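Here the structure is a predicted model, which is why all the values come from computation and not from measurement.
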Amino acid sequence: MSTLDCQWFSANNGWHCTRIEECAEETLYVSTPVLLADGKPLDFYLIKRGNTFLFTDDGLTLFALQNYGIDIDTRRHLKGLEVITDRMGFKIAENGVIEALIPEDQAAWWMGRVLRMFCGVADWQSERFEQHDEDFSLSEEVERLLKAKAPNRKLTINPRVKLKGLDYSFDFLWGETYVDAISPTAQSVSARLRKAILATQGDDDIGLLFILDDRFDRERADRELPVLGQVAETVRLSDFAQHYNVLQE
């Protein structure tokens with residue numbers, strides 16, 4: 001893809017490409033096969049600049065996520081997305097634009113990275129809805145408690161780990177324990193069960209702690225507690241706040 005045209009995209013299923021004639025620089029507008037939960041495809045612009053292409057989504061990705069109800073007005077809330085974009089070589093600028101400079105002789109290879117990055121964004125959106133934590137109130141409360149209970153223990157936000165060769169994210173890495181804050185819904189619990197089973201098998205065995213939100217529905221949390229407790233250490237949020245103790249560090 002040394003010249004800027006839509007031929008490469010037209011030859012690959014699911015991509016749609018339009019040349020923007022009005023721009024001073026050679027520009028393509030590309031729609032990927034990756035869809036958000038409402039069916040909206042994730043799109044970007046590819047702009048020719050010398051011997052490189054500028055990849056930019058012009059802020060469309062964050063705008064779509066916000067329109068779908070996810071509160072990402074602070075850099076703290078962007079942390080999970082930044083882990084995804086950084087791993088694929090993209091950066092989220094201060095204005096919310098996802099960008100990368102792509103050497104023209106590597107453009108086709110980079111399009112694979114674009115797909116993996118956008119798939120990660122779509123998965124992240126799905127996880128937020130599974131947790132019923134679009135405003136991050138649950139994860140922020142759990143983060144506050146983790147820091148209060150072990151001020152000297154290293155706390156990493158949105159770590160990722162490979163389990164059976166697949167990439168999974170957690171809300172926190174607390175010392176050597178991976179922690180997820182969970183809404184007591186069937187969808188959220190099922191997703192964590194699958195992850196916990198992988199995390200406790202063979203060479204991939206890692207420390208897990210599930211913190212189950214019981215602020216709004218104690219009965220439902222009580223029903224889900226023994227289900228998750230079969231595969232990983234699980235505690236209600238209220239019990240974690242009041243009774244869960246750690247060794248002094």
Side-chain angles (χ1 to χ4, degrees), residues 1-130 134-136 157-158 160 166-169:
M1 198 194 297
S2 58
T3 60
L4 201 61
D5 60 49
C6 288
Q7 183 176 354
W8 185 91
F9 298 102
S10 300
N12 289 270
N13 290 335
W15 298 79
H16 299 278
C17 174
T18 303
R19 177 181 285 274
I20 308 298
E21 301 293 349
E22 297 81 8
C23 294
E25 300 172 293
E26 290 185 83
T27 303
L28 301 182
Y29 178 68
V30 181
S31 182
T32 76
V34 182
L35 307 179
L36 292 177
D38 61 349
K40 183 199 179 301
L42 289 168
D43 306 330
F44 64 91
Y45 293 91
L46 205 58
I47 303 168
K48 187 74 163 67
R49 290 190 176 169
N51 61 353
T52 63
F53 295 116
L54 170 64
F55 169 99
T56 174
D57 76 337
D58 200 32
L60 295 171
T61 303
L62 296 193
F63 181 75
L65 291 170
Q66 288 174 313
N67 277 351
Y68 208 65
I70 297 181
D71 178 6
I72 44 177
D73 291 333
T74 69
R75 290 311 282 194
R76 162 65 182 83
H77 293 173
L78 282 175
K79 180 61 177 177
L81 285 175
E82 286 182 318
V83 171
I84 295 165
T85 56
D86 287 356
R87 287 181 65 252
M88 289 294 112
F90 300 85
K91 293 293 182 184
I92 302 178
E94 288 298 323
N95 61 359
V97 174
I98 300 176
E99 297 177 321
L101 279 177
I102 301 173
E104 63 179 7
D105 60 348
Q106 298 177 20
W109 180 79
W110 269 85
M111 291 307 102
R113 298 178 75 86
V114 169
L115 273 186
R116 292 195 294 277
M117 185 264 291
F118 277 150
C119 283
V121 170
D123 288 344
W124 180 87
Q125 181 202 39
S126 178
E127 288 177 5
R128 296 251 56 94
F129 283 110
E130 284 175 358
E134 295 90 340
D135 63 355
F136 294 84
I157 298 169
N158 295 122
R160 301 183 77 85
L166 300 175
D167 205 27
Y168 286 89
S169 66

query = Between R87 and M117, is a side-chain contact (heavy atoms from CB on, under 4.5 Å) present by the stated rule, with each step listed?
reply = CA-CA 8 Å; R87 287 181 65 252; M117 185 264 291; over 6 Å; no

query = Should V121 and L65 be marked as a side-chain contact (heavy atoms from CB on, under 4.5 Å) after you check the CA-CA gap, both sets of side-chain angles, and the distance that decides it?
reply = CA-CA 9 Å; V121 170; L65 291 170; 4.2 Å; yes

ask   = What's the verdict on side-chain contact (heavy atoms from CB on, under 4.5 Å) for V83 and R160, showing C-alpha distance, side-chain angles and the deciding distance?
value = CA-CA 8 Å; V83 171; R160 301 183 77 85; 3.3 Å; yes

key: Stepwise side-chain contact (heavy atoms from CB on, under 4.5 Å) check, F55 with I98   = CA-CA 8 Å; F55 169 99; I98 300 176; 4.0 Å; yes

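Here T56 contributes atom OG1 and I47 contributes atom CD1; the two are 6.0 Å apart, rounded to the nearest 0.5 Å. Taken to the nearest 0.5 Å, the CG atom of D43 stands 9.5 Å off from the OG1 atom of T18. With values rounded to the nearest 0.5 angstrom, I102 atom CD1 is found 8.5 Å from L54 atom CG. Here the CZ atom belonging to F53 is positioned 6.0 Å from the CG atom belonging to L46, to the nearest 0.5 angstrom. Atom NE2 in H16 sits 11.5 Å away from atom SG in C6 (nearest 0.5 Å). To the nearest 0.5 angstrom, T85 atom OG1 is 4.0 Å from I92 atom CD1.
Proximity of a side-chain donor or acceptor of K48 to a complementary backbone N or O of G50 within less than 3.5 Å is detected. Formation of a donor-acceptor pair under 3.5 Å by the D58 side chain with backbone atoms of L60 is not found in this model.
For F118 and W124, the ring centers are positioned 6.0 Å apart or more.
Ring pair F9/W15 is tilted by interplanar angle, where 30° to 60° counts as tilted.
Using a 4.5 Å cut-off on side-chain heavy atoms (C-beta onward), I84 and D123 make no contact.
The two residues R113 and G89 come nearest to each other via the heavy atoms NH2-N, 3.8 Å. The shortest non-hydrogen separation linking N158 to G80 is OD1-N, 3.1 Å. Taking each heavy atom of P41 and T32 in turn, the nearest pair found is CB-O, 3.6 Å. Taking every heavy atom of both residues into account, A93 and E99 meet most closely at CB-OE1, 4.1 Å. Annotation for P33 and L115: closest pair CD-CD2, 3.6 Å, computed over non-hydrogen atoms. Considering all non-hydrogen atoms of both residues, A37 and Q125 come closest at N-OE1, 2.9 Å.
Using a cutoff of 4.0 Å between basic side-chain nitrogens and carboxylate oxygens, K91 and E82 are not scored as salt-bridged. Using a cut-off of 4.0 Å between Lys/Arg side-chain N and Asp/Glu carboxylate O, R49 and E26 are scored as not salt-bridged.
Looking only at atom types and distance, the side chain of D57 has no donor-acceptor partner in the side chain of Y45 under 3.5 Å away.
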